Amino acid sequence: MTGVIFAAGVAATVTSAACVPSQGDTLCVMSYNVHNAVGIDGVRDVRRVADVIKASGADVVAVQEVDSVTNRSGGRYILEDIAAEAKMHPVFSAAIDYDGGRYGIGLLSRERPLSVRRVPLPGAEEARTLLLVEFEDYVMGVTHLSLTDSDRLASVDILAREAAAVSKPLILAGDFNATPDSQAIEALTHTFTPVSDTDSATFPADNPTETIDYIMYRGDSVPVVLSSTVVNEPMASDHRPVVTILRFDRR
C-alpha cells in the first residue's frame, strides 16, 4: 500500500493537537517517549505527562521509556500511574531488567484490548521489543528502536514480517531513533506509510532539531489523515509527542 490522502481543506499539520472525540470512523493516535515521566527540568511528574495525553484527546497512545517497579522510580509502575491519571487501559512490554524492576515500552488505550503479543527486537546497547495490541478494528504496534544502525535495519525486517501476519489495519508508532532520510525509515516505507508530521522535529523537547518519533500505517486501503502535528510541549519529557487523526476502512 502506498500513498496517504489528506482530507480536503485540512492541513497536514495543525496548531492544535486536540482530537475530536466520538467520530466513529476516526482514530486519534499519539506516540510519546515520556522519558519515564521525567521532564526537561529533571522533575518526575506523572500527572504532567497524563495532562498532555488527556489534552490531546488521543484514543490510543504508544509510550516509550517507562519503568515497572524499579528502585529509581520508587517501586512505582509508571505506565499504570499515567494510565490511572489519563483514565486509560495500560499494556506494558519489558525490554530489559533494570534496577530491581523492568524497563520498556507500553500502550494506553480507551478501548479494552482483545489480545497482546510481544516480539523481541535486536539492540546492541540494550534489548528492544515490539508490542502488538489487537483491538476490534485494528492492531496497534509500539516500538523503540535501537541506537545502532545495523540493529534498526534488522528490526525493519522483523517489523515487516510481523506486519505481513496481521489481517487487520496495523498502526506502528514509536521512537525509531532514525531521521526521515535514514536507511531504516526508507526501508520501513516499503511496508508502512508514514502518517505523522515528518517535517517538524520531535527531539529534544525544549529545542527540537531531529525528527525521530513516528506514526505509520499498513492496510488494504489508503488512510485519510485528517490532521497530524507535533505537540508544542517543551517540558514534560525530553521528546515532544506526535498526534495523528486517521480515517481508515475498519470493515
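None of these values were measured; they are calculated from a predicted model.
When all heavy atoms of Glu233 and Pro241 are compared, the pair lying nearest together is CB-CD, 4.2 Å. Shortest non-hydrogen contact noted between Ala236 and Val52 is CB-CG2, 4.2 Å. Scanning both residues, Pro223 and Val195, for their nearest heavy atoms gives CG-CG1, 4.1 Å. The minimum heavy-atom distance between Ala50 and Ala86, with the atom names listed, is CB-N, 4.1 Å. For Val69 against Gly75, the heavy-atom pair with the smallest separation is CG1-O, 3.2 Å. Considering every non-hydrogen atom in both Met140 and Ala62, the closest pair reads CE-CB, 4.2 Å.
When atom types are taken as modelled, the side chain of Asn177 and the backbone of Leu145 share a donor-acceptor pair closer than 3.5 angstrom. Judged by distance alone, the side chain of Thr148 and the main-chain N or O of Ser150 form no donor-acceptor pair under 3.5 Å. The backbone N or O of Thr26 sits nowhere less than 3.5 Å from a side-chain atom of Arg247 that would complete a donor-acceptor pair. Put simply, the side chain of Thr244 never gets that close to the backbone of Val29: no donor and acceptor are under 3.5 Å apart. Without hydrogens or angle criteria, Thr211 side chain to Ser200 main chain gives a donor-acceptor distance under 3.5 Å. Under a 3.5 Å cut-off, the side chain of Asp59 and the backbone N or O of Leu27 do not form any donor-acceptor pair. Using a distance-only test at 3.5 Å, with no hydrogens or angles considered, no donor-acceptor pair links the side chain of Arg240 to the main chain of Asn207. Checking side-chain atoms of Arg218 against main-chain N and O of Phe192 turns up no donor-acceptor pair under 3.5 Å. Between the side chain of Glu125 and the backbone N or O of Gly123 there is no donor-acceptor pair closer than 3.5 Å.
Apart from Leu114 itself, the hydrophobic cluster it occupies contains nothing, where clustering links Ile, Leu, Val, Met, Phe, Trp and Tyr at side-chain heavy-atom distances under 4.5 Å. Using a 4.5 Å cut-off between side-chain heavy atoms of Ile, Leu, Val, Met, Phe, Trp and Tyr, Met235 falls into a hydrophobic cluster with Ile40.
Heavy atoms from other residues, nucleotides or ligands lying under 6.0 Å from CD of Glu136 number 12 at most. Enclosure of atom CD in Glu126 by more than 12 non-hydrogen atoms of other residues, nucleotides or ligands within 6.0 angstrom is indicated. Within a 6.0 Å sphere centred on CZ of Arg118, heavy atoms belonging to other residues, nucleotides or ligands number more than 12.
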Let's go through Leu170 and Leu132 carefully: what are the C-alpha distance in whole Å and the side-chain angles of both, what is the deciding distance for side chain to side chain contact (heavy atoms under 4.5 Å, CB included) to 0.1 Å, and is it a yes or a no?
CA-CA 9 Å; Leu170 173 60; Leu132 292 167; 4.1 Å; yes
Side chain to side chain contact (heavy atoms under 4.5 Å, CB included) between Val34 and Val66, intermediate numbers included
CA-CA 7 Å; Val34 299; Val66 283; 3.6 Å; yes
Derivation and outcome, side chain to side chain contact (heavy atoms under 4.5 Å, CB included), residues Val242 and Asp197:
CA-CA 8 Å; Val242 178; Asp197 176 11; 5.6 Å; no
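Residues passing the ring-ring contact (aromatic ring centres under 6.0 Å, His included) test with Tyr138, sequence neighbours excluded: Phe135. Under the rule for a side-chain hydrogen bond (donor to acceptor under 3.5 Å, both in side chains), the partners of Asp41 that lie at least two apart in sequence or sit in another chain are Arg48. With sequence neighbours excluded, the residues that form a side-chain hydrogen bond (donor to acceptor under 3.5 Å, both in side chains) with Arg72 are Asp67. Scored by the side-chain contact (heavy atoms from CB on, under 4.5 Å) test, Asp51 finds Arg47, Lys54 as partners (sequence neighbours excluded).
Using a 4.5 Å heavy-atom threshold, the side chains of Ser155 and Thr143 count as separate. Side-chain contact between Val231 and Ser56: absent, with no pair of heavy atoms (C-beta onward) separated by less than 4.5 Å. Side-chain contact check for Asp238 versus Pro204: every heavy-atom pair is 4.5 Å or farther apart. Residues Asp137 and Pro169 form no side-chain contact, since every pair of their non-hydrogen atoms from C-beta on lies 4.5 Å or further apart.
Rounding to the nearest 0.5 Å gives a distance of 7.0 Å between OG of Ser167 and CD of Glu134. Rounding to the nearest 0.5 angstrom, the gap separating the CD atom in Glu65 from the CG atom in Leu79 is 13.0 Å. Between atom NE2 of residue His35 and atom CZ of residue Arg44 there is a gap of 9.5 Å, rounded to the nearest 0.5 Å. Ile171 contributes atom CD1, which lies 12.0 Å from atom OG1 of Thr193 (distance to the nearest 0.5 angstrom). Atom CG of Leu246 and atom CD1 of Ile215 lie 7.5 Å apart (nearest 0.5 Å). The structure places OG of Ser182 at 8.0 Å from CG of Asp149, a figure rounded to the nearest 0.5 Å.
Grouping the Ile, Leu, Val, Met, Phe, Trp and Tyr side chains by contacts below 4.5 angstrom, directly or via other members, places Tyr103 apart from Tyr32. Criterion: ILVMFWY side-chain heavy atoms under 4.5 Å apart, direct or through other members. Under it, Leu172 and Val119 are part of a common hydrophobic cluster. Put simply, Leu121 and Leu153 are part of two different groups of oily side chains (I, L, V, M, F, W, Y) that touch within less than 4.5 Å, one to the next. Leu147 is not connected to Ile105 by any chain of hydrophobic side-chain contacts under 4.5 Å among Ile, Leu, Val, Met, Phe, Trp and Tyr, and they are in different clusters. Both Val46 and Val63 belong to a single network of hydrophobic side chains, linked directly or stepwise wherever heavy atoms of I, L, V, M, F, W or Y lie under 4.5 Å apart.
Applying the salt bridge (charged side-chain N to carboxylate O under 4.0 Å, His left out) test to every pair with at least one member in residues 206-216, sequence neighbours left out, gives no pairs at all. Listed by first then second residue, pairs satisfying salt bridge (charged side-chain N to carboxylate O under 4.0 Å, His left out) with a partner in residues 180-192 number zero, not counting sequence neighbours. Annotation: ring-ring contact (aromatic ring centres under 6.0 Å, His included) contacts involving residues 147-182, sequence neighbours excluded, comprise Phe176-Tyr214. Applying the ring-ring contact (aromatic ring centres under 6.0 Å, His included) test to pairs two or more places apart or on separate chains, those with a residue in residues 220-240 are Phe203-His239.
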List the atom pairs, with distances to 0.1 Å, where a side-chain N or O of residues 87-97 and a protein N or O form a donor-acceptor pair under 3.5 Å, not counting sequence neighbours.
unit_1	atom_1	unit_2	atom_2	d
Ser93	OG	Thr129	OG1	3.3
Asp97	OD1	Arg102	NE	3.2

Mind listing the side-chain donor-acceptor pairs of residues 157-164 below 3.5 Å, one per line with the distance, residues two or more places apart or on another chain?
unit_1	atom_1	unit_2	atom_2	d
Glu162	OE1	Arg117	NH1	3.0
Glu162	OE1	Arg117	NH2	2.7

